[in-house]
Amino acid sequence: MAPQLTLQAPLELPPQDVSDYLGRLWNGGEQDATSSGAATFSLLVWQPSWIEQHLVRLGRLDGPITGLEREELLQAARQAVPACGLPLSTSPLAPELAWQLGQLPGDQASEDLRGQYVDPAISLHQPRRLITLAPSLDHHQHLETLVAAYCPLPEDGPASSVCGDVVVMRGGMEALQRGLGMVNPLIPAELPCWVWWNGTLDEAPDVFEGISQAPRRLIIDTAIGTPARALDVLSQRAAAGQAISDLNWYRLSSWRENLAMVFDHPGRRDALAHVVQLDIDVQGHQPVQGLLMAAWIANRLGWSLESSNHCEGDGISASFRRPDGVAVQLRQMPVPVGDPSTHPGSIVGLRLVCRPEHRAPLCVILCGETGGCMRLEAGGMARMELVEQVVTSTIESAQREVSRTLRGGHDSTNPLLAACVPLASRLLPR
C-alpha cells in the first residue's frame with residue numbers, strides 16, 4: 001500500500017451507528033483533524049472471494065482472507081483443480097471450482113480482512129469512500145460492520161486533500177441482504193459512485209439489483225458465470241444508458257489491435273471486404289470473450305447475423321451476410337489447454353480467411369502466447385497467403401484491471417462495446 005497517515009484504525013461498530021459516526025469523523029466531531037473527505041468518488045465492491053474462503057477453510061491456503069488475487073491463491077487453486085476431479089484446463093478462478101471445493105469437509109478458521117486492505121492500484125485513485133460487501137460461507141453469520149479512515153500521502157500537496165475511509169459489511173447472505181438499507185445513506189450523493197461486482201452475476205441477484213442501479217457506474221466481468229446472464233446484464237444496462245464496463249471486453253484490446261494492424265498493410269486492406277470464414281478457439285467452455293470478439297469484427301465490417309447454433313463439443317457456429325450479399329461462416333470452438341488462463345474462456349487463437357477477387361486467398365492467424373495455433377494452421381492453407389502473429393497479453397490482477405477502468409473515468413459505456421454486445425448476445429444459442 002502507498003504510504004499513508006492512519007486517521008482511524010479499523011473499528012467495529014453496530015450497523016445502525018456507522019452513518020452517524022462517519023459524519024462526525026469528517027465534520028471534526030471525532031478528532032481535531034484539519035482534513036475533510038476527498039472530493040473524488042465512491043467505490044462499492046461485492047467481494048465474495050468464495051474460492052479463497054474455501055481454500056483457507058480446507059487448509060490449502062494460509063490466511064488471512066484478503067479478497068486479493070495473490071499468487072499464492074492462484075497456485076493453491078490450480079493444485080485443487082485435479083483434486084476436485086475437474087479437467088486440468090479449468091481456470092483457477094472458475095465458479096465450478098468454488099462449487100466443488102464447497103463439497104469438501106474442513107473448518108480451519110482464519111482472520112477475514114476483506115475490505116480492510118486497500119490495494120495500491122485502487123488507492124492510487126484516492127477513493128473518497130470504499131464500501132465492501134463481504135459475504136461469508138456461514139449463511140447464518142450475523143452482520144458485522146467495520147470502519148477505518150486514512151490519508152494516502154501524495155508527493156505533492158497536503159495529505160488533507162485526499163483523505164478517505166473504508167466501510168466493511170461482513171456476514172451471511174441473509175444478513176447482508178437485510179443490511180442493504182444502510183448502504184445508500186453511506187454513498188455521498190455529490191460524488192460519482194462505481195459499483196464493482198467482483199463475482200458471478202448468477203449469485204445474489206437481489207443484492208446486485210439493490211446496489212447497481214443507475215446513475216451508479218457498473219463494473220462486471222462476463223468471463224465468469226452463466227454466459228446468457230452476463231450478456232443479458234451487459235446488453236440491457238448499456239441499452240438503458242447506464243455506464244457499464246466489462247473487464248472481459250478490455251482484455252480483448254491486444255487481440256483487436258493486432259488484427260487491425262495486420263490489415264493496416266496497404267496490400268491487405270481490400271481483403272477485409274472479402275472475408276468468408278472466421279474461426280475462434282477459446283479456453284474451455286466459457287464462450288463470451290470469443291463472442292465479443294466475433295461481434296466486434298462483424299459490427300466493424302457491417303455483417304448481418306442470419307443464424308447461430310450449437311455445434312460439436314459445445315462449439316458455436318453462425319452464419320453472417322456481408323454487405324455485398326456473400327455469406328460468412330463463424331465457428332467458435334472450446335479447446336483444452338495445459339496451463340489455463342486466470343480468466344475462463346480466454347481466446348487461444350483466431351483465423352480469418354479472405355477470398356478477394358483476382359488474387360490469392362489470404363489467411364490471417366493470430367495466436368496466443370501459451371496456447372499455440374496448430375489446430376488453426378491445418379486444412380488447406382498451402383494455397384493461401386499466410387500471415388501469422390503472436391498476440392502478447394499481460395495477465396493482471398482484477399484490482400489492476402479495475403484501476404485502469406477508474407483511471408479512464410468512464411461516465412458512459414464504451415461505444416464499441418455498446419455497439420457489439422447486442423450482437424454477441426444474439427450469437428449465443430439459447
Side-chain angles (χ1 to χ4, degrees), residues 1 45-104 106 108 110-122 132 134-135 137 196-200 203 219-225 247-248 250-252 254 282-286 288-289 334-348 368-371 391-405:
M1 186 187 231
V45 184
W46 172 255
Q47 185 71 284
S49 307
W50 300 124
I51 290 179
E52 183 181 15
Q53 288 195 73
H54 280 304
L55 290 172
V56 171
R57 175 183 65 83
L58 296 170
R60 288 180 167 271
L61 176 68
D62 292 333
I65 299 166
T66 65
L68 304 179
E69 287 184 13
R70 46 200 170 110
E71 185 58 33
E72 297 85 355
L73 166 64
L74 298 178
Q75 290 178 358
R78 292 184 191 279
Q79 293 170 1
V81 165
C84 290
L86 294 170
L88 294 179
S89 57
T90 302
S91 166
L93 297 181
E96 52 265 35
L97 176 60
W99 191 88
Q100 290 288 353
L101 290 171
Q103 311 309 304
L104 302 178
Q108 183 164 315
S110 178
E111 189 176 11
D112 190 344
L113 300 182
R114 283 177 292 168
Q116 297 181 51
Y117 175 86
V118 185
D119 186 272
I122 303 295
T132 300
L137 294 176
W196 174 22
W197 190 262
N198 190 17
T200 169
E203 64 192 17
I219 303 173
I220 65 172
D221 187 353
T222 58
I224 55 177
L247 303 182
N248 204 23
Y250 290 122
R251 295 181 199 119
L252 281 173
S254 56
V282 298
Q283 294 183 17
H285 302 278
Q286 169 54 269
V288 175
Q289 189 176 97
V335 296
V337 292
D339 185 20
S341 167
T342 305
H343 311 294
S346 295
I347 292 181
V348 175
E369 289 180 289
T370 57
V391 177
T392 302
S393 58
T394 302
I395 303 298
E396 296 183 313
S397 69
Q399 286 76 21
R400 288 190 173 275
E401 292 179 331
V402 169
S403 175
R404 288 205 317 273
T405 303

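Taking every heavy atom of both residues into account, Pro336 and Ser89 meet most closely at CA-CB, 4.0 Å. For the pair Ser110 and Ile65, the tightest heavy-atom approach, listed with the atom from each and the gap, is OG-N, 4.1 Å. Of all the heavy atoms in Gly199 and Pro48, the pair that sits closest is CA-CG, 4.3 Å. In plain terms, the two heavy atoms of Pro64 and Leu113 that are nearest each other are CG-CD1, 3.6 Å. Nearest heavy-atom pair, Arg251 versus Ala223, reported as atom, atom and distance to 0.1 Å: NH1-CB, 3.7 Å. What you find for Leu101 and Arg57 is that their closest heavy atoms are O-NH2, 2.9 Å.
Remark: of the listed residues Leu247, Asp221, Thr132, Leu247 is the sole one forming a side-chain contact (heavy atoms from CB on, under 4.5 Å) with Trp196. Leu97 pairs in a side-chain contact (heavy atoms from CB on, under 4.5 Å) with only one of the listed residues (Cys84, Ser91, Pro344), which is Cys84.
Between atom CG of residue Asp119 and atom CZ of residue Arg70 there is a gap of 12.5 Å, rounded to the nearest 0.5 Å. We find the OG-CD1 distance between Ser254 and Ile347 to be 9.0 Å, quoted to the nearest 0.5 Å. One distance of note links CD of Glu203 with CD1 of Ile224; it measures 7.5 Å at 0.5 Å rounding. Note that CD1 of Ile220 is 10.0 Å distant from OG1 of Thr200, once rounded to the nearest 0.5 Å.
For the pair Thr90/Gln100, no side-chain contact is recorded, criterion being any heavy-atom separation below 4.5 Å from C-beta on. Looking at Gln289 and Ser346, their side chains come closer than 4.5 Å, going by heavy atoms from C-beta outward. Using a 4.5 Å heavy-atom threshold, the side chains of Trp46 and Pro135 count as touching. Looking at Glu69 and Arg400, their side chains never come closer than 4.5 Å, going by heavy atoms from C-beta outward.
Judged by distance alone, the side chain of Gln47 and the main-chain N or O of Ala134 form no donor-acceptor pair under 3.5 Å. Side-chain atoms of Gln399 never come within 3.5 Å of backbone atoms of Ile122 as a donor-acceptor pair (strictly under, hydrogens ignored). Judged by distance alone, with hydrogens and angles left aside, the side-chain atoms of Glu52 form no donor-acceptor pair with the main-chain N or O of Leu73 at under 3.5 Å. Formation of a donor-acceptor pair under 3.5 Å by the Gln286 side chain with backbone atoms of His343 is not found in this model.
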For residues 74-83, tabulate all N or O donor-acceptor pairs below 3.5 Å that involve a side-chain atom, not counting sequence neighbours.
from	atom 1	to	atom 2	distance (Å)
Arg78	NH1	Pro340	O	2.9
Arg78	NH2	Pro340	O	3.4

* Asked: Is there a side-chain contact (heavy atoms from CB on, under 4.5 Å) between Glu401 and Tyr250 once you walk through the steps?
  -> CA-CA 8 Å; Glu401 292 179 331; Tyr250 290 122; over 6 Å; no

